K.L.:
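This structure is in structure tokens; I'll ask about it shortly.
As the structure is a prediction and not an experimental result, all values here were calculated from the model.
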Amino acid sequence: MSRYLSKNGKTLNVLLPADALAERVRELAVEIDEYYEGREVVVVIVLKGAFIFAADLVRHIHTPITIDFIRLQSYGDDTYSSRVIQITADLRSSVEDCEVLVVEDIIDTGRCADFLINHLYDLGAADVKFCALLDKPSRREIAIEADWVGFSISDVFIVGYGTDFAQLYRNLPNIYILGKSV
Ligand code: IMP
Ligand code: MG
């Protein structure tokens, strides 16, 4: 297992190597295609964390899709329950009466997912499904389940394959557990 020190002295240990990610992403695309049976879908990609996952996923999807992006920011103090979620860049296309598939990196407390799903229904979506690469069920504060999950993981902080810590590590091809500074 590759292990090296990152620039800021934190340790990175591979949790999910690139080949395992690629295989699971292909499986998810098959499941998504089976569900939609050729109906047209609006894929909403949540920036920034889902950009690499989504780029890989949509290239294996045969369902006719259009693609749009949304960017969220969640801020407040460190206690999740007091966090405020804001849209910093909204969709440019209409989702009215559309079937929508949200593609997100991680469901953690569930607050972002819950916010997004409500937002899309407020915009008139006919149906909203949710695909998350990673799920941390033990961290959930809002009872919400994704329709498709790549991997269920324990309560660890991960980076890589699009996900970050302080905006770093998004470019790494594997998913790593970010450890303490040494
Ligand atoms: P939630 O609203 O608590 O479910 O937070 C989901 C968002 O938090 C994800 O879209 C990620 O951007 C971020 N996040 C949660 N856990 C991690 C992690 O382990 N690494 C990087 N980002 C994370
Ligand atoms: Mg995110």
K.L.:
Regarding Asn174 and Tyr176, do their side chains bring together a donor and an acceptor under 3.5 Å, going by distance alone?
P.N.:
yes
K.L.:
Strictly distance-based, threshold 3.5 Å: is any side-chain N or O of Arg71 a donor or acceptor partner for the main-chain N or O of Ala89?
P.N.:
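Checking the backbone N and O of Ala89 against the side chain of Arg71, no donor-acceptor pair under 3.5 Å is found.
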K.L.:
Of all heavy-atom pairs between Leu28 and Gly150, which one has the smallest distance, and what is that distance?
P.N.:
CD1-CA, 3.9 Å
K.L.:
Do Val44 and Phe69 have side-chain heavy atoms sitting under 4.5 Å apart?
P.N.:
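Sidechains of Phe69 and Val44: no contact.
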K.L.:
When rounded to the nearest 0.5 angstrom, what distance separates CZ in Arg59 from CG in Leu57?
P.N.:
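It is 10.5 Å, given to the nearest 0.5 Å.
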K.L.:
With a 4.5 Å heavy-atom cut-off, do Ile158 and Ile106 have their side chains touching?
P.N.:
yes
K.L.:
Determine, for Asp155 against Lys136, whether the closest basic-nitrogen to carboxylate-oxygen distance falls under 4.0 angstrom.
P.N.:
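The answer is no: the pair does not qualify as a salt bridge.
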K.L.:
About how many Å separate CZ of Phe157 and CG of Leu15, when rounded to the nearest 0.5 Å?
P.N.:
13.0 Å
K.L.:
How long is the gap from CD1 on Ile117 to CZ on Phe130, to the nearest 0.5 Å?
P.N.:
5.5 Å
K.L.:
Report the distance from atom CG of Leu47 to atom OG1 of Thr88, rounding to the nearest 0.5 Å.
P.N.:
8.5 Å
K.L.:
Between Glu31 and Arg24, is the closest basic N to carboxylate O distance under 4.0 Å?
P.N.:
yes
K.L.:
Nearest heavy-atom pair of Glu99 and Glu40: which atoms, and what distance?
P.N.:
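That would be CB-O, 4.2 Å.
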K.L.:
Would you say His119 and Asp90 are linked by a side-chain donor-acceptor pair, where the criterion is simply a distance under 3.5 Å?
P.N.:
yes
K.L.:
Are Val102 and Val46 close enough that some pair of their side-chain heavy atoms sits under 4.5 Å apart?
P.N.:
yes
K.L.:
Can you list the steps and then say if Asp105 with Thr163 is a side-chain hydrogen bond (donor to acceptor under 3.5 Å, both in side chains)?
P.N.:
CA-CA 7 Å; Asp105 55 0; Thr163 66; 5.7 Å; no
K.L.:
Looking only at heavy atoms, which two atoms of Ile175 and Gly160 are closest? And how far apart?
P.N.:
CG1-O, 3.9 Å
K.L.:
Kindly work out whether a path of hydrophobic side-chain contacts (I/L/V/M/F/W/Y, heavy atoms less than 4.5 Å apart) joins Val30 to Val58.
P.N.:
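No, Val30 does not connect to Val58 through the hydrophobic network.
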K.L.:
Between the main-chain N or O of Val156 and the side-chain N or O of Ser154, is there a donor-acceptor pair closer than 3.5 Å?
P.N.:
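Side chain of Ser154 to backbone of Val156: no pair is present.
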K.L.:
Within a strict 4.5 Å, meaning less than it, do heavy atoms of the Asp114 and Ile85 side chains meet?
P.N.:
no
K.L.:
Is there a path of hydrophobic side-chain contacts, each under 4.5 Å between heavy atoms of I, L, V, M, F, W or Y residues, that connects Val128 with Ile87?
P.N.:
yes
K.L.:
Side-chain donor-acceptor pair under 3.5 Å between Ser93 and Asp68, yes or no?
P.N.:
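Side chains of Ser93 and Asp68: pair found under 3.5 Å.
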K.L.:
Give the cluster check for Leu21 versus Val149: same hydrophobic cluster or not, with ILVMFWY residues linked at side-chain heavy-atom distances below 4.5 Å.
P.N.:
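No, Leu21 and Val149 fall in different hydrophobic clusters.
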K.L.:
Search all heavy atoms of Val103 against all heavy atoms of Val43 and return the closest pair with its distance.
P.N.:
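Shortest heavy-atom separation between Val103 and Val43 comes out as CG2-CG1, 3.7 Å.
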K.L.:
Evaluate the side-chain contact (heavy atoms from CB on, under 4.5 Å) criterion for residues Ile107 and Arg140: first the C-alpha distance (whole Å), next the side-chain angles of each, then the deciding distance (0.1 Å), finally the verdict.
P.N.:
CA-CA 8 Å; Ile107 302 195; Arg140 205 70 96 250; 3.5 Å; yes
K.L.:
So do Glu104 and Phe53 actually touch side chain to side chain, heavy atoms under 4.5 Å?
P.N.:
no
K.L.:
For residues Ala113 and Ile144, report the shortest heavy-atom separation together with the two atoms involved.
P.N.:
C-CD1, 4.0 Å
K.L.:
Check whether the side chains of Tyr161 and Asp56 place a donor and an acceptor atom closer than 3.5 Å, and report yes or no.
P.N.:
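Checked: Tyr161/Asp56 side chains pair up, N/O donor to acceptor below 3.5 Å.
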K.L.:
What distance separates Leu123 CG from Ser94 OG, expressed to the nearest 0.5 Å?
P.N.:
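Output value for this atom pair is 8.0 Å.
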K.L.:
Do the non-hydrogen side-chain atoms of Ile70 and Leu116 ever get within less than 4.5 Å of each other?
P.N.:
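Yes, side chains in contact.
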K.L.:
Find out whether Leu12 and Leu178 are in side-chain contact, i.e. whether some heavy atom of one side chain is under 4.5 Å from a heavy atom of the other.
P.N.:
yes
K.L.:
Taking atom types as modelled, is there a side-chain donor on Asp135 or Ser152 under 3.5 Å from an acceptor on the other?
P.N.:
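Result is no, nothing qualifies.
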K.L.:
So which atom in Val100 and which in Tyr36 form the shortest heavy-atom distance, rounded to 0.1 Å?
P.N.:
O-OH, 3.9 Å
K.L.:
Let me confirm one number: the SG-CD1 distance from Cys131 to Ile61, rounded to the nearest 0.5 Å.
P.N.:
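The distance works out to 7.5 Å.
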K.L.:
Side-chain contact test, heavy atoms from C-beta onward, threshold under 4.5 Å: evaluate it for Leu120 versus Asn118 and give yes or no.
P.N.:
no
